[in-house]
Amino acid sequence: MKTINYADLPTTYDANSTESEIYKFWEENECFKADAKSKKPPYSIVIPPPNVTGILHMGHAIDETLQDLLIRYHRMSGYEALWVPGTDHAGIATQNVVEKKLREKGQNRHQLGREKFLELTWKWANEHKGAILDQCKRLGASFDRTRERFTLDKGCSDAVKEVFVKLYEKGLIYKGAYIVNWCPRCQSAISDVETEYETEAGHLWEISYSLKDEPGAIVIATTRPETMFGDAAIAVNPTDYKYKDLIGKTVVIPLTGREIPIIADEYVDKKFGTGALKITPAHDPNDYEIGKRHNLKPIWVIDGEGKMKACAEVPAELHGLDRYEAREKTVAMLRYHNDLIKITDHEHNVGKCQRCHTTIEPLLSEQWFVKMEPLAKRAIEAIDKGEIKFVPERWTKNYLGWMENIRDWCISRQLWWGHQIPAYYHNETGEMVVAKENPDPSKYTQETDVLDTWFSSGLWPFSTMGWPNTDSEDFKKFYPTSVLVTGFDIIFFWVARMITMGYEFTGKAPFPTVYIHGLIRDEFGQKMSKSKGNTIDPVGIIDKYGCDALRFTLTSLCTYGGQDIKVSDEKFEYGRNFANKIWNASRFVLMNLEGVDDKPIEKSELTIADKWILHKLNATAKEVNENIKNYRIGETSHILYDFFWNDYCDWYVEIAKIQLRDEKIKLNTQRVLRYVLDMTLRMLHPIMPFITESIWQMIPGEKEEIAIMKSAFPTFSADFEYPAENEEMELVFETIKSLRNVRQSLNIPVSTQMDIEIRATEKEKPVFEAVIPYLQRLARVQEVIFEAENAPVPKKSASAVVGNSKIIIPLAGLIDIDEEIARQNKKLEKINKEKGSLEGRIKNEKFVANAPKEVVEETKAKIAELQVQADAISGLISSLKG
RNA sequence: GGGCGUUUAGCUCAGUUGGUAGAGCGCUUCCCUUACAAGGAAGAUGUCGGGAGUUCGAGCCUCUCAACGCCCACCA
C-alpha cells in the first residue's frame with residue numbers, strides 16, 4: 001500500500017497536476033466502458049456530435065458537463081451507463097473550411113475535381129476528428145471511446161441509405177423543382193431552418209411599367225429592381241378599384257420591352273407600396289406561388305452564383321454582373337429612362353445563410369425533399385401521450401408550434417462533402433433508380449447532390465447503436481436512450497428530426513426526456529462568438545482554475561427554468577475556491593485519521609454533534625438524489641456546497657477537533673469524519689470528478705471499489721436519522737453565535753477571559769451540559785456555570801436569550817452598560833416587531849377561520865416563543881438599569 | 001403580426017405545490033485560533049418593475065401597463 005504523508009500535501013489544491021493522471025487511471029481501468037451484456041438496468045446518452053473540425057467552446061463545456069454528471073450519477077447508482085461519443089461531418093461547415101484552405105493556395109474545388117477534393121477533406125477530417133473529443137477529456141468526460149462514431153462512417157452511412165430508400169419507397173421523399181433558399185456563396189440549397197432573417201435598411205423603388213398600345217402606365221413597388229427582368233406578370237388585388245380597369249391588359253417591362261400581363265390575385269395588399277406587385281416566379285417564394293396559380297412561366301435571370309444571367313431577357317449591360325451591382329445599374333438605367341418614380345427608405349427582413357451569412361437568393365431549382373407532415377403526426381402524439389417530455393416544460397410549446405406548422409424539408413445540398421444521395425440515373429434513358437447500391441455502375445450514374453448534414457444527425461440515437469441491425473447488442477440494451485441533453489438552439493435542427501426519424505424507423509421515441517439547458521453568454525449577456533471576440537475558452541479556464549472549478553461553477557449557474565448563463569473569467573473563482581475548500585478540509589481529515597480502523601461507526605458512542613452531522617448528511621443525500629432526478633442541477637450544486645462548507649467544515653470539523661482530543665471518543669469521531677467525507681465526496685463526484693477521485697484514493701481503509709466513480713452513490717439511510725439531536729444542535733449553534741456576537745459587538749478582545757452563567761430550562765439544561773467543551777472552544781468561553789432558571793442577574797453583565805434559556809456573561813468593569821442596554825433594546829425591538837405582525841394575523845378572525853390548522857398553530861407557537869424571549873430580554877434590561 | 005422569456009440586496013443571480021425573502025461577489029469591523037487569507041468570525045443592505053384583482057395571506061396565481069431580450073411568421 002502506498003503511504004502518504006498527509007502533512008506534506010500542498011495547502012492549495014493544484015488541479016493541473018492531478019487531473020491528467022486521474023483521467024489516465026480511469027482509462028487504464030476501463031472505467032468508462034459499458035457492457036451490453038450487463039444485467040444492470042441501462043442508462044444511455046448519445047453525445048450531440050460536435051463538428052469534426054470544431055474546437056471546444058463553452059457551449060460544449062456546459063453540455064458535456066451535464067451529460068457526464070448524469071452518466072456518472074447513474075453509473076454510481078447501479079445502472080449500466082453508456083455515453084456514446086462521436087463527431088458530425090458537418091457538411092457545409094467542413095467543406096467551407098477546406099475550400100478556404102484551397103483559396104489560400106489560389107485553388108478551388110472545381111480545379112481539383114470531386115474525387116481529389118473528397119480525398120483532401122477526408123484527410124482533414126481524420127486529422128481533426130479526435131481533437132475535440134480529446135479536449136472533452138479535459139472536461140472529465142466519461143464517455144466510452146471504444147464506441148466512438150462519426151456521422152460519415154460505414155455504420156452511419158448504411159443507416160442513411162436504409163432510411164433514404166425506405167422513405168422514398170413510402171413516398172415520403174420526393175424530387176422536384178421548387179423555390180428554395182439558395183446560398184450563392186455555398187453554391188447550394190439550404191433548408192428553412194438554416195436560413196436566418198435579419199432586418200436590413202433598404203429601399204423601396206417605385207417603377208413605372210407602360211401599358212402596351214395605349215397611354216398610361218402602372219407603377220409597382222419593389223425592394224429588388226434587378227429581378228424585374230424575370231417578371232412574368234404584374235398583380236393587383238381584384239377588389240382594388242384603382243386598378244380595376246387595368247386587369248387583363250398588357251404592360252411592357254422597362255429597358256427590355258418584354259410584354260407581361262396584369263393579373264388579379266388576392267394575395268396583393270392594396271395598402272402596401274402602390275398596390276401593384278411585380279411577379280418574379282423564379283426568384284421569390286410568394287411570386288412562385290402566385291405564378292403557379294396563374295400558370296406563369298418562371299424566367300431565371302440570376303444564376304447560382306448570384307450573378308445576372310446572360311440571357312435574352314436581361315439587358316446586355318448587366319450580363320454577368322453581381323446582383324447588387326446589377327441592382328445599382330438597373331436603378332440608374334431606369335432613372336435615365338424616366339421609369340423610376342420614387343425611392344423610399346424601407347426596412348425589411350433579409351434571409352441569410354446560417355453558415356456563411358451570405359444573403360440568400362430564393363431560387364427555383366430541382367431539389368430533394370422529405371414530406372414532413374405524416375412524420376410529424378407521431379412526433380406530436382409523443383407529447384400528448386407523454387412519451388416525450390421537455391425539461392423545462394415551456395419548450396414543449398415551441399416544439400409543438402413548429403411541428404404543427406411543419407414544412408417539407410429540403411434535404412439535397414449541392415456540395416461534395418456528405419452522404420451522396422442514393423439515387424442512380426441511367427446514362428442513356430435518364431431513368432432514375434433509388435436503391436442502397438448502384439444497380440449497374442456501367443450503366444447508371446449516382447446523383448451528385450449530397451444530403452443535409454442533419455439528415456444523418458437525425459438518425460444518431462439509433463445509428464450509433466448498430467441500427468439497421470436491430471439484433472445488435474447495443475441496440476437491444478441501450479436503445480432508446482435515457483435522455484437528450486442540449487441547448488434550445490437546435491430543437492428544430494436536430495431534436496425534432498431525431499424524434500420523427502426515431503418513431504418512423506424504430507417505432508419508439510429515441511429518448512423519453514429532452515433536457516434543455518440555457519445558452520452560455522458573456523458577462524453582458526451577449527452570445528459568445530469568434531467574430532465578436534467575446535469567447536471564453538474552456539480549456540483556458542481549466543488551465544487556470546481546474547476542470548472541477550469549471551464544472552462546479554457552470555452547474556451551479558444552471559437554473560430550473562433553464563435561463564441563459566452569463567459567465568466571465570472571474571466567475572470561475574467560485575468553483576476554484578470551493579475546490580480548494582474541499583482540498584483543505586479533506587487534508588485536515590486525512591491528517592487526523594491516524595489509527596482509525598475499518599470498523600463501521602459505533603452508534604452507541606455517537607455524540608450529539610456526530611448525530612447531527614449524520615442526520616444532515618442523510619437529508620443532503622435525499623435532496624441530492626431527488627434534485628438530480630428532476631434535472632435540478634443548480635440546486636444540487638448549491639445543496640452540496642452548503643452542506644460541505646457550512647455544515648461539515650464550519651461546524652462539524654471544528655467540533656471534531658475537540659472530540660479528537662478526547663481519547664474515549666476519538667476513534668469513533670475519526671470514523672464519522674471519514675464516513676461523512678467519503679459520502680460527500682461521492683455525492684460531489686458527478687459534478688467534480690477529479691478532486692473527489694484524487695482525495696478518495698487517499699482515504700485509508702478497505703474499499704469495495706477501485707475508484708470513487710465506481711462506488712455506490714449515497715442514498716437516504718434510515719440508520720442515521722436523528723431529528724431530536726438535529727434540533728438540539730440548532731440551539732447550540734444559536735448559543736455560540738450569540739456569544740460571538742456579544743464579544744464582537746461589545747469589543748471584548750480575544751485575550752479577555754469570558755465566563756458564562758447558563759439559566760436553562762429543565763428541558764434545555766442537558767443539551768447545554770453535553771456541549772460545554774464546544775462552547776468553551778468555539779465561543780471562547782472559560783468557565784460554564786449553571787444557575788437556577790430564575791437566579792438574579794448580576795448588574796454588570798451582557799446576556800443572550802437562546803431558546804427558552806438565558807446566557808449571562810458577567811463582565812464587571814469590562815463593558816459599557818449603556819451600550820449593552822442599547823444592544824438589548826435593538827434585539828427587543830426586532831422581536832416585538834415580528835411578534836406584532838404575527839399577532840395581527842391571529843387577531844384577524846378570517847385568518848383563524850380559513851388558514852389551515854397547522855399554520856394557525858405554528859403562528860401561535862411562534863408568538864409564544866417570541867413572547868418568552870421578549871420577556872427575558874425585558875427582564876435583563878431592567879436588571880441592567882437597576 | 002403571433003409566441004416565449006426577463007425585471008428580487010451595490011453587482012450577478014437563486015427562490016418546486018401561495019404562509020411574509022436567500023446565495024456568491026462587493027461593503028463594514030475583528031482575526032495569520034496548528035485544514036484552508038482562494039480562509040475564519042461578527043455585521044449592514046431589498047415598499048421582490050408600476051398598477052389593479054383573487055385570497056385570511058401574493059416575489060409566487062389572474063388581468064393590465066412599461067422596459068429589455070429571444071424565437072417564429074411569405075407582406076413586395
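Keep in mind that what you see is a predicted model, and the values were worked out from it rather than measured. All chains are named by letter (A, B, ...) in the order of the sequence lines, taking the proteins before the strands, and each is independently numbered beginning at 1.
- The residue A:Trp205 sits apart from the nucleic acid: no heavy atom pair falls under 4.0 Å.
- With both ends at atom C1', the span from B:rU54 to B:rU62 equals 7 Å, rounded to whole Å.
- Taking atom CD on A:Gln563 and atom C1' on B:rC70, their separation rounds to 11 Å, with Å as the unit.
- Atom CG in A:Asn850 sits roughly 9 Å away from atom C1' in B:rU55 (whole-Å rounding).
- Computed from coordinates, the A:Asn584 CG to B:rG39 P distance equals 10 Å when rounded to whole Å.
- If you take atom C1' in B:rU47 and the same atom in B:rU8, they sit 12 Å apart, rounded to whole Å.
- Atom-to-atom, CG of A:Asn747 to P of B:rA42 comes out at 16 Å; the value is rounded to the nearest Å.
- Checking B:rU62 for Watson-Crick or G-U wobble geometry (two distances, each under 3.5 Å) identifies B:rA52 as its partner.
- Note on A:Lys581: a side-chain N or O is less than 4.0 Å away from OP1 or OP2 of B:rG40.
- Taking a pair to require two hydrogen-bonding distances under 3.5 Å in either a Watson-Crick or a G-U wobble arrangement, B:rA41 pairs with B:rU29.
- Using a 4.0 Å heavy-atom distance criterion, A:Gly202 is classed as making no nucleic acid contact.
- At a cut-off of 3.5 angstrom, counting only N and O atoms as typed in the model, there is a donor on one side and an acceptor on the other between the side-chain of A:Glu654 and the base of B:rA35.
- Between the side chain of A:Asp678 and the backbone N or O of A:Arg674, no donor-acceptor pair lies under 3.5 Å.
- Side-chain atoms of A:Arg740 stay outside donor-acceptor range of the base of B:rA42, with no qualifying N/O pair under 3.5 Å.
- The nucleotide B:rA67 finds its pairing partner in B:rU6, both defining distances of the Watson-Crick or G-U wobble pair being shorter than 3.5 Å.
- The aromatic rings of A:Tyr648 and A:Tyr652 lie parallel to each other, their planes meeting at an angle below 30°, with 60° marking the opposite boundary.
- Enclosure of atom NZ in A:Lys657 by more than 12 non-hydrogen atoms of other residues, nucleotides or ligands within 6.0 angstrom is indicated.
- Taking the six-membered ring where tryptophan is involved, the planes of A:Phe552 and A:Phe578 are tilted, since the angle between them lies from 30° to 60°.
- Checking the phosphate oxygens (OP1, OP2) of B:rG57, no side-chain nitrogen or oxygen of A:Asn844 falls inside 4.0 Å.
- Between the CG atom of A:Asn181 and the C1' atom of B:rC74 there is a distance of 12 Å, given to the nearest Å.
- Along RNA chain B, the nucleotide closest to A:Tyr574 and the one closest to A:Thr559 are compared, and the more 5′ of them pairs with A:Thr559.
- When rounded to the nearest whole Å, the span between NZ of A:Lys860 and C1' of B:rG19 equals 16 Å.
- The closest side-chain heavy-atom distance from A:Cys649 to A:Asn584 is not below 4.5 Å.
- Judged by distance alone, with hydrogens and angles left aside, A:Tyr267 brings a side-chain donor or acceptor within reach of the base of B:rC74, the pair sitting under 3.5 Å.
- Note: CG (A:Leu640) to P (B:rA14) measures 19 Å, nearest angstrom.
- For the pair A:Asn577 and B:rG39, the criterion of a side-chain N or O lying under 4.0 Å from OP1 or OP2 is met.
- The partner of B:rU17, taking Watson-Crick or G-U wobble pairs whose two distances both stay under 3.5 Å, does not exist in any strand shown.
- For the pair A:Asp489 CG and B:rC4 C1', the computed distance is 16 Å after rounding to whole Å.
- Note: A:Trp395 and A:Phe488 have parallel aromatic rings, judged against thresholds of 30 and 60 degrees for the angle between ring planes.
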